[in-house]
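Okay, so here's the structure we're looking at.
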Amino acid sequence: MGRKQQCFLRTFGCQMNAKDSEKLRGILRETGFSLTESEDADLVLYNTCTVRENANLKVYGHLGYLSNLKKKNPRMIIALCGCMMQEPDVVAKLQKSYRFVNLIFGTHNIFKFAELLYAVLEGQRKAEQMMLPEPSGAAAAAEETPPISQRHTVVKTPMIVDIWKDTNQVVEDLPADRTYSFKSGVNIMYGCNNFCTYCIVPYVRGRERSRRPEDIIREIEQLSADGVIEVMLLGQNVNSYGKTLSNSVSFAHLLEMVEQVPGIRRIRFMTSHPKDLSDELIEVMKRSQKVCRHLHLPLQSGSSRILEKMNRRYTKEQYLELAAKLRREIPDISLTTDIIVGFPGETEEDFQETLDVVRQVRYDSAFTFIYSKRTGTPAAAMEEQVPDDIVKDRFQRLLGLVQEISQKMAKRVEGQTLPALVESLDDHDPALMTGRLSNNLLVHFPGTEDLIGQIVDVRLTTCKGFYYLGEMA
Ligand code: SAH
Ligand code: SF4
Ligand code: F3S
């Protein structure tokens with residue numbers, strides 16, 4: 001078309017998807033695309049999430065908007081990938097009612113993106129050629145056919161669908177375009193074997209498989225050479241890292257290996273399952289200068305009865321003991337969590353147990369979710385789904401308590417001077433910089449853009465509830 005093709009990429013969901021999108025961007029760059037902020041692009045790619053129903057609804061909503069854009073620009077390519085595409089019902093619905101989508105692929109074959117895109121472009125080219133008027137006689141010779149890019153015909157190309165159910169393959173060395181120059185997520189494992197009964201992730205991300213430690217370390221060495229000083233190790237349950245490897249390495253040991261990589265100054269990880277969190281990990285965190293003072297430890301429910309129905313494989317008492325041990329061994333640790341309200345069969349008493357755990361653990365922050373029924377999961381078939389109004393009321397009560405406690409917890413470090421990794425300009429005030437403390441709290445302080453990517457000491461002068469105002473020490 002005489003110009004570089006432009007792609008708009010939208011990412012839904014968690015850090016896994018954010019990391020996959022970095023790979024998709026890398027592939028796009030290598031394929032010759034540039035990225036644009038405008039949705040009116042040559043290629044629109046959505047990397048989707050399906051963990052809760054509203055994640056799906058958002059995608060369908062956006063697709064409605066895209067269909068209008070495509071009416072004006074029929075050559076626009078619309079591609080969908082990510083977790084939602086791993087659900088056969090979703091693909092069937094798209095094939096039936098969203099025929100304007102050109103390409104659907106899943107979480108297991110991201111590495112094929114360029115090839116699939118090429119197939120779409122080829123399909124489009126062939127469809128356009130078939131629509132060319134047959135050159136015949138003198139008329140054809142006199143009147144030149146305009147180049148394809150100047151024709152405005154609706155080009156009907158077949159929808160390409162390539163979904164793999166699962167894979168035990170780990171594809172290394174995909175290109176990636178990182179969002180930040182100084183910090184990066186690093187996959188250490190893929191998939192999940194836990195099958196919590198409410199959760200769709202094991203179905204859409206497949207069986208758990210760990211990357212080999214040498215591949216992880218090699219990637220982190222390359223990142224470090226490229227200026228990265230903070231890594232976030234990613235997995236659905238990092239504490240079971242290594243179980244699928246022949247010469248099994250524990251997660252705690254992997255952390256120690258990452259600590260040795262020159263240039264890496266901060267290490268984070270997501271997510272820890274309480275059932276697998278080892279004393280060895282607590283020891284490594286305790287003595288480490290690099291592992292951040294933050295642990296995300298999803299509770300889901302405080303009721304042992306509900307935890308059993310959720311297949312979480314710990315009790316309220318075991319969780320409380322673990323949290324107490326963490327607070328005792330690492331006093332400056334920040335504990336955060338995920339909680340689901342309204343799991344089938346949850347009674348007011350069960351809910352009170354959840355509030356009790358929140359009060360005892362005193363979370364530094366908590367993500368609270370209303371239970372969402374996911375087709376195909378065991379919980380979706382359970383009786384006693386809790387009525388909406390009751391769930392909403394519980395959700396509000398939980399949110400109130402969580403916020404009250406996290407504001408008090410944030411105050412713990414008021415007046416202290418702590419190192420912060422400067423991440424960006426403040427969203428609201430360009431004279432301020434935004435930095436992240438080891439415990440994951442944000443601090444805004446006067447500074448200049450050249451500080452971005454550096455770790456600086458900041459005095460935390462004023463606690464504003466969930467964040468700080470400060471000044472460089
Ligand atoms: N592997 C991670 C988190 C994956 S999903 C872990 O085990 O913690 C992130 C969070 O979404 C979960 O912790 C859970 O709180 C929430 N979630 C998952 N499925 C849900 C559902 N069906 N309804 C509501 N919340 C859900
Ligand atoms: Fe879902 Fe449970 Fe796996 Fe987390 S551990 S991804 S909540 S099944
Ligand atoms: Fe969503 Fe998939 Fe993550 S379902 S939460 S993007 S693993």
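Just follow the structure's listing: the first ligand is 1, and inside any ligand the first atom is 1. If you read the sequence from its start, that first residue is 1, and numbering goes on from there. Please read these numbers as outputs of a predicted model, since none were measured by experiment.
Among all protein heavy atoms, the one lying closest to atom 22 (N) of ligand 1 is Ser372 O, 2.8 Å. Protein heavy atom in closest approach to atom 1 (Fe) of ligand 2: Cys199 SG, 2.3 Å. The nearest protein atom to atom 5 (S) of ligand 1, hydrogens excluded, is given as Val51 CG2, 3.9 Å; this is a heavy-atom distance. Ranking the protein heavy atoms by distance from atom 2 (Fe) of ligand 2 puts Cys196 SG, 2.3 Å first. Taking atom 4 (Fe) of ligand 2 as the reference point, the nearest protein heavy-atom neighbour is Gln236 O, 4.4 Å. Atom 5 (S) of ligand 2 has as its closest protein heavy atom Asn194 ND2, 3.5 Å. Protein heavy atom at the shortest distance from atom 20 (C) of ligand 1 is Tyr198 CD1, 3.7 Å. Atom 6 (C) of ligand 1 has as its closest protein heavy atom Thr271 CG2, 3.8 Å. Taking atom 26 (C) of ligand 1 as the reference point, the nearest protein heavy-atom neighbour is Arg52 NH1, 3.5 Å. The nearest protein atom to atom 10 (C) of ligand 1, hydrogens excluded, is given as Asp338 OD2, 3.4 Å; this is a heavy-atom distance. Scanning the protein heavy atoms around atom 14 (C) of ligand 1, the nearest turns out to be Gln300 OE1, 3.4 Å. Atom 7 (S) of ligand 2 has its closest protein heavy atom at Tyr198 OH, 3.4 Å. The shortest contact between atom 3 (C) of ligand 1 and any protein heavy atom is with Gln236 OE1, 3.9 Å. With hydrogens left out, the protein atom closest to atom 3 (Fe) of ligand 2 is Cys192 SG, 2.3 Å, a heavy atom.
Between Tyr198 and Tyr371, the ring center distance fails the sub-6.0 Å criterion.
Of the charged side-chain nitrogens involved, at least one lies within less than 4.0 Å of a carboxylate oxygen, so that Glu53 and Arg374 count as a salt-bridged pair. Salt-bridge annotation for Glu208 and Lys243: absent, with no side-chain N of the basic residue lying under 4.0 Å from a carboxylate O of the acidic one. Comment: Glu256 engages Arg287 in a salt bridge, judged by a side-chain N to carboxylate O separation of less than 4.0 angstrom. A salt bridge links Glu219 with Arg211: the closest approach of a Lys/Arg side-chain nitrogen to an acidic carboxylate oxygen falls below 4.0 angstrom. Salt bridge Lys392/Asp389: absent, no basic N to carboxylate O contact under 4.0 Å. Between Arg305 and Glu353 no salt bridge is recorded (no basic side-chain N to carboxylate O distance below 4.0 Å).
Ligand 2 lies nowhere less than 4.0 angstrom from a heavy atom belonging to Arg205. Residue contacts with ligand 1: Ile340 is included, with a non-hydrogen atom under 4.0 Å away. Look at Arg374 and you'll find a heavy atom under 4.0 Å from some atom of ligand 1. Under a 4.0 angstrom heavy-atom cut-off, Ile370 registers as being in contact with ligand 1. Under the 4.0 angstrom criterion for non-hydrogen atoms, Gln236 is in contact with ligand 3.
The number of protein N, O or S atoms lying under 2.8 Å from atom 3 (Fe) of ligand 3 is 1.
A donor atom on one side chain and an acceptor atom on the other are not found under 3.5 Å apart for Asn311 and Thr197. Counted by atom type alone, Asp276 and Asn237 present one or more donor-acceptor pairs between their side chains at under 3.5 Å. Using a 3.5 Å distance cut-off with no hydrogens or angles, the side chains of Thr179 and Arg25 do pair a donor with an acceptor. Donor-acceptor pairing under 3.5 Å is recorded for the side chains of Asp356 and Gln360. There is no side-chain donor-acceptor pair under 3.5 Å between Lys93 and Asn56.
The local environment of CD in Glu317 is crowded, with over 12 non-hydrogen atoms from other residues, nucleotides or ligands closer than 6.0 Å. Heavy atoms of other residues, nucleotides or ligands lying less than 6.0 angstrom from CD of Glu214 number more than 12.
Each of the following atoms of ligand 2 lies closer than 4.0 Å to a heavy atom of Phe195: 8 (S). The distance from ligand 2 to the heavy atoms of Pro202 drops below 4.0 Å at these ligand atoms: 8 (S). Residue Tyr371 has at least one heavy-atom neighbour below 4.0 Å for each of these atoms of ligand 1: 23 (N), 24 (C). Heavy-atom proximity to Val201, at under 4.0 Å, picks out these atoms of ligand 2: 6 (S).
For the ring pair (Phe, Tyr, Trp, His ring centres under 6.0 Å) with His62, the lone residue among Tyr98, Phe8, Tyr46 that qualifies is Tyr46.
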Evaluate the criterion ring pair (Phe, Tyr, Trp, His ring centres under 6.0 Å) for residue pair Tyr203 and Phe195; output intermediate values, then yes/no.
CA-CA 9 Å; Tyr203 304 89; Phe195 291 96; 5.4 Å; yes
From CA spacing to verdict: salt bridge (Lys or Arg N to Asp or Glu O under 4.0 Å), Arg397, Asp393:
CA-CA 6 Å; Arg397 284 190 282 155; Asp393 174 64; 3.3 Å; yes
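The heavy atom nearest to atom 8 (O) of ligand 1, considering only Pro298, Gly342, Gly235, Pro274, is found in Pro298.
The aromatic rings of Phe105 and Phe113 lie parallel to each other, with less than 30° between the two planes, well short of the 60° mark.
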